[in-house]
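Mind having a look at this structure? Questions to follow.
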Amino acid sequence: MSDFSLKNGVLHAESVSLLELATTYGTPLYVYSRAAIERQWRAFAEYLPEPHRVCFAVKANSNLAVLQVLARLGAGFDVVSGGEIARVLKAGGQAQRIVFSGVAKSDTEVREALQLGIGQFNVESRSELEQINRIALELGVVAAISLRVNPDVDAQTHPYIATGLEQNKFGIAMAEAVASYEQAAQLPGLNIVGVACHIGSQLTQIQPFLDAMDRMLDLIEQLAGKGIQVQHLDMGGGLGVRYGKEAPPPVSDYIQALLHKLSTRKRQSLALYLEPGRAIVANAGVLLTRVELLKSNKIKHFVMVDAGMNDLLRPSLYQAWHDIVNVQPRQGCSIQGDIVGPVCETGDFLGQNRSLVVQPGDLLAVMSAGAYGFTMSSNYNSRPRPAEVMVDRSDTYLIRARETREDLWRGESLIP
Ligand code: LLP
């Protein structure tokens, strides 16, 4: 994470001191580096010129300014709701470059997406084919579609973020894929443009992607035999990042391996679509949190901080490991203990069994928090959600104000 580095003994985001940011904007605070986002984006885009396409998975980080930075670089976007479509458009993204995924799209979302002229739908069931066809015919338009097929490949990742196994709810089973495409080909409101899959998230090996790709290319051959041609293969997102000891492949190796597979299978004319989320933003963000108190019992030490599972859910939900560092590292005796938040849940921790030299009032940075951090935050325990700032060299922009007390009950009312 070279965009977050120590300068004069203080952790900085680009040229800005995180101590100063915490003083100005308070804590908990999400801080993103624009340079880091742009660099990661370019790592993908450089290897995938048109007609290939990179669609940022908006669920990883949907702040308008983050989307704006990517839209300005010509990004496509992978979305899973009407809300995400609205964010992309508000941030300056083009409707034509949106891929709409998701297992259960509502009629309203499908109608809105068609009216806005989004690029295409990734369809996850045969009933959704009927749904989109019906609404497209009502509106007098033709919907571009790919079917998301489940290649039944083990992504070797946490079970909650593995999506490509037959037991997962996502996509259409491979055994049903050809029949589903034949059904789609009969529906006048649909135009088949591609084949899609997404096998899981935080993958640290290339092989499962290549195995999935082989199955998808077999399917494309079978479809061609039935007279159904597709223009692109969407391999979803899923490339992992380094949170700690993981060693995921560099973006360039991953893309080159996929492109190499296309050429060995003599399918160079297919456009490759990717939907990376985490790999673009995870290491472009940190969560700053202040140490409130220290406490020990007979068996354990606790470092109590002002950010909790409502601000960053990943450690509680997936036992995910994020590095946690003192923004101004100290000399002295380290404490071995759990870094816990103020939420009334035993599962409310940011890290367990960590070794830190720390005192009350210190500022800690939870690293690699740019993906699935703020987007998974909530108001549990009536805690206002954190502010978000973006650093651009020596400039800082407040890109989301800290929520206020009034925000907590916005839309609620007392009864007479
Ligand atoms: N495309 C589709 C269809 C997806 O379902 C996902 C993620 C992506 C792309 C982006 O995957 P990525 O490149 O970010 O791995 N909350 C979890 C991750 C859930 C991912 C869900 N789908 C976490 O914090 O680890």
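Each ligand, and each atom within it, is numbered from 1 in the order the structure gives.
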Check: Which one holds for Phe170 and ligand 1: side chain close, backbone close, both close, or neither close, with close meaning a heavy atom under 4.0 Å?
Finding: neither
Note to self: Parallel, tilted or perpendicular, judged at 30° and 60°: which one describes the rings of His232 and Tyr273?
What the structure shows: parallel
Notebook entry, point to check: If you count the atoms of ligand 1 from 1 in the order shown, which ones are under 4.0 Å from a heavy atom of Asp78?
Noted result: 1 (N), 2 (C), 9 (C)
Item checked: Side chain, backbone, both or neither: the part of Val80 lying under 4.0 Å from ligand 1 by heavy atom -> neither
Checklist line | Passing candidate, salt bridge (charged side-chain N to carboxylate O under 4.0 Å, His left out) with Glu403, options Arg385, Arg410, Arg383 | finding: Arg385
Next item on the list: Record the part of Glu275 in heavy-atom contact with ligand 1 below 4.0 Å; permitted values are side chain, backbone, both and neither.
Entry: both
Check: Based purely on interatomic distance, does Gly200 place a nitrogen or oxygen under 3.5 Å from a nitrogen or oxygen of ligand 1?
Finding: no
Checklist line | Distance under 6.0 Å and angle within 45° of ring axis: Lys105 vs Phe100 | finding: yes
Note to self: Less than 4.0 Å is my threshold; does some heavy atom of Pro276 fall inside it relative to ligand 1?
What the structure shows: yes
Listing, residues 19-26 side-chain donor-acceptor contacts under 3.5 Å, not counting sequence neighbours, or none:
unit_1: Thr23; atom_1: OG1; unit_2: Leu19; atom_2: O; d: 2.9
unit_1: Thr24; atom_1: OG1; unit_2: Glu20; atom_2: O; d: 2.9

Notebook entry, point to check: Is there at least one pair of N or O atoms, one from Ser101 and one from ligand 1, spaced under 3.5 Å apart?
Noted result: no
Next item on the list: Answer yes or no: is there a side-chain heavy-atom contact under 4.5 Å between Pro360 and Glu292?
Entry: no
Checklist line | Heavy-atom proximity to atom 17 (C) of ligand 1, best of Tyr318, Tyr243, Phe56 | finding: Tyr318
Notebook entry, point to check: Any N or O on Ser201 sitting closer than 3.5 Å to an N or O of ligand 1?
Noted result: yes
Checklist line | Ligand-side contact atoms (ligand 1) for residue partner Gly277, heavy atom cut-off under 4.0 Å | finding: 12 (P), 13 (O), 14 (O)
Item checked: Separation of Ser125 OG from Glu128 CD (nearest 0.5 Å) -> 5.0 Å
Next item on the list: Identify which of Glu124, Arg314, Gln202, Met376 has a heavy atom lying nearest to atom 25 (O) of ligand 1.
Entry: Arg314
Margin query: Distance check, rounded to the nearest 0.5 Å: Arg402 atom CZ versus Thr27 atom OG1?
Written below: 6.5 Å
Next item on the list: Say whether Asn310 and Asn381, considering side chains only, have a donor N or O and an acceptor N or O under 3.5 Å apart.
Entry: no
Item checked: With Arg97 via side chain to side chain donor-acceptor pair (under 3.5 Å) - residues at least two apart -> Glu50
Notebook entry, point to check: What atoms of ligand 1 come closer than 4.0 angstrom to any heavy atom of Gly238?
Noted result: 11 (O), 12 (P), 13 (O), 15 (O)
Item checked: Atom indices of ligand 1 within 4.0 angstrom of Arg148 heavy atoms, with elements -> 3 (C)
Checklist line | Arg278: numbered ligand 1 atoms lying under 4.0 Å from its heavy atoms | finding: 12 (P), 13 (O), 14 (O), 18 (C), 23 (C), 25 (O)
